Asker: 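First the structure, then my questions, so here it is.
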Amino acid sequence: MPASARIAWVSARPVVPANEAAPHVTAWHGALEAVNGTTCLLHTRSDSLHFLAYRVSMLPLDYTLLDPPELAEPLAAIADRATRAISSFTTG
């Protein structure tokens, strides 16, 4: 299968219950799955890891990336760019 046709799936665990995450998660972000009263999972997919990193980073929630580990690099790149962008405004 050509790389452009591969679909990457993401599983992330927001650090809030599903009922608290739901107002912030649209269909564009993916689908929430309630695990129990304190935990939920976010499932989303795309053919681009970079787009998935962007999509997940737009959530106004803290989360833990569960899968795929390859998403860590593009997420770190977004975090690094954002940190550099605000460096003149922070006192560090």
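Note that the structure is a prediction, hence the values are computed from the model and not measured.
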Asker: Can you tell me which residue pairs pass the side chain to side chain donor-acceptor pair (under 3.5 Å) test with a partner in residues 52-61, sequence neighbours excluded?
Answerer: Thr44-Arg55

Asker: Closest heavy-atom contact between Pro17 and Cys40?
Answerer: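 That closest heavy-atom pairing would be C-SG, 4.1 Å.
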
Asker: Identify the two heavy atoms, one from Leu71 and one from Ala53, that lie closest to each other, and give their separation to 0.1 Å.
Answerer: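 Smallest interatomic distance, heavy atoms only, reads CD1-N, 3.6 Å.
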
Asker: Side chain to side chain donor-acceptor pair (under 3.5 Å): which pairs involve residues 60-83, sequence neighbours left out?
Answerer: none

Asker: Atom OG1 of Thr39 and atom CG of Asn36: how far apart are they, to the nearest 0.5 Å?
Answerer: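 Separation between the atoms: 4.0 Å.
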
Asker: Are Leu59 and Leu32 joined in one hydrophobic group, where the rule is that I, L, V, M, F, W and Y side chains link up if heavy atoms are under 4.5 Å apart?
Answerer: yes

Asker: Hydrophobic side-chain clustering at under 4.5 Å (ILVMFWY, transitive links): who's grouped with Val15? Put none if nobody.
Answerer: none

Asker: What distance separates Leu61 CG from Leu42 CG, expressed to the nearest 0.5 Å?
Answerer: 9.0 Å

Asker: If you take all heavy atoms of Pro14 and Ala12, which pair is closest and at what distance?
Answerer: CD-O, 3.4 Å

Asker: Check whether Phe51 and Leu75 end up in the same hydrophobic cluster, where Ile, Leu, Val, Met, Phe, Trp and Tyr are linked by side-chain heavy atoms less than 4.5 Å apart.
Answerer: no

Asker: Please give the remaining members of the hydrophobic cluster of Leu41, linking ILVMFWY side chains under 4.5 Å, ordered by chain and number.
Answerer: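 Besides Leu41, the cluster holds Val35, Leu66.
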
Asker: Hey, could you give me each pair passing side chain to side chain donor-acceptor pair (under 3.5 Å) that has a residue in residues 11-23? Not counting sequence neighbours.
Answerer: Ser11-His43

Asker: Throw together a table of side-chain donor-acceptor distances under 3.5 angstrom for residues 22-30, partners on residues two or more places apart or in other chains.
Answerer:
{"residue": "Thr26", "atom": "OG1", "partner": "Trp28", "partner atom": "N", "Å": "3.2"}
{"residue": "Thr26", "atom": "OG1", "partner": "His29", "partner atom": "ND1", "Å": "3.1"}
{"residue": "His29", "atom": "ND1", "partner": "Thr26", "partner atom": "N", "Å": "3.1"}

